[in-house]
Amino acid sequence: IPTPAPAPTPASAPTKPQSLLETNVEISNFSFSPANLSIKKGTRVIWTNRDALGHTVTGDASGGPSSSLLSKDQNYSFTFNQAGTFPYHCNPHPFMKGAVTVVE
């Protein structure tokens with residue numbers, strides 16, 4: 001009598017490599033949403049402008065994000081490869097502020 005083959009064990013869902021981690025920030029009503037974000041090192045953040053007016057994503061210090069003026073529905077992405085906190089703002093509207101905290 002042949003012995004039955006062992007039943008296959010269900011494969012666990014593959015985890016995304018760090019380089020494929022992504023998160024989104026919406027720019028709407030003159031604000032970044034979410035304004036404060038906590039992510040893992042190696043995560044790509046994608047900002048999308050939903051306002052009719054142009055906005056930028058400009059790091060307060062060097063080494064952070066630095067976009068050109070984004071028109072409605074344009075996006076900009078930046079991959080954070082260093083741990084730390086990276087505050088940013090919109091150049092034409094400096095009251096618009098956000099921050100990305102990157103952990104190991």
Side-chain angles (χ1 to χ4, degrees):
I1 299 175
T3 54
T9 56
S12 62
T15 57
K16 280 186 169 185
Q18 269 202 326
S19 61
L20 296 180
L21 294 175
E22 287 183 354
T23 192
N24 295 288
V25 175
E26 294 272 316
I27 305 170
S28 64
N29 297 316
F30 291 86
S31 64
F32 298 104
S33 180
N36 296 298
L37 192 60
S38 185
I39 60 172
K40 287 188 176 185
K41 191 164 86 169
T43 299
R44 181 168 79 141
V45 178
I46 304 165
W47 288 266
T48 303
N49 182 16
R50 300 297 183 201
D51 282 342
L53 290 176
H55 296 296
T56 67
V57 179
T58 306
D60 292 357
S62 63
S66 181
S67 78
S68 59
L69 191 67
L70 301 174
S71 298
K72 181 174 174 58
D73 295 327
Q74 280 189 313
N75 62 41
Y76 167 75
S77 67
F78 184 84
T79 301
F80 289 85
N81 291 313
Q82 287 184 297
T85 299
F86 299 87
Y88 64 91
H89 62 279
C90 171
N91 267 344
H93 311 104
F95 59 88
M96 292 174 57
K97 297 178 185 288
V100 177
T101 301
V102 182
V103 297
E104 291 290 335

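What's counted below: heavy atoms across the whole structure, side chains too, no hydrogens, waters or symmetry copies. Quick caveat: nothing in here was measured; it's all calculated off a predicted structure.
Under 4.0 Å is where a charged nitrogen must lie from a carboxylate oxygen, and between Asp51 and Lys72 no such pair does.
By the side chain to side chain contact (heavy atoms under 4.5 Å, CB included) test, Ser71 is found to be paired with Gln74, residues two or more places apart in sequence or in another chain being considered.
No side-chain heavy atom of Phe80 sits less than 4.5 Å from a side-chain heavy atom of Thr43. Looking at Leu37 and Thr23, their side chains come closer than 4.5 Å, going by heavy atoms from C-beta outward. Within the 4.5 Å cutoff, the side chain of Tyr76 has no heavy atoms near those of the Ser68 side chain. Looking at Phe32 and Ile27, their side chains come closer than 4.5 Å, going by heavy atoms from C-beta outward.
Nearest heavy-atom pair, Thr79 versus Gly42, reported as atom, atom and distance to 0.1 Å: CG2-O, 3.7 Å.
Between the Asn91 side chain and the Thr56 main chain, no donor and acceptor come within less than 3.5 Å of each other. Here the side chain of His55 pairs no donor or acceptor atom with the backbone of Pro92 at under 3.5 angstrom. No side-chain donor-acceptor contact under 3.5 Å links Asp60 to the backbone of Gly64.
Here the straight-line distance linking atom NZ of Lys97 with atom OG1 of Thr58 works out to 11.5 Å at 0.5 Å rounding.
For an aromatic pair to be called close, the ring centres must be under 6.0 Å apart, and Phe78 with Phe86 fails this.
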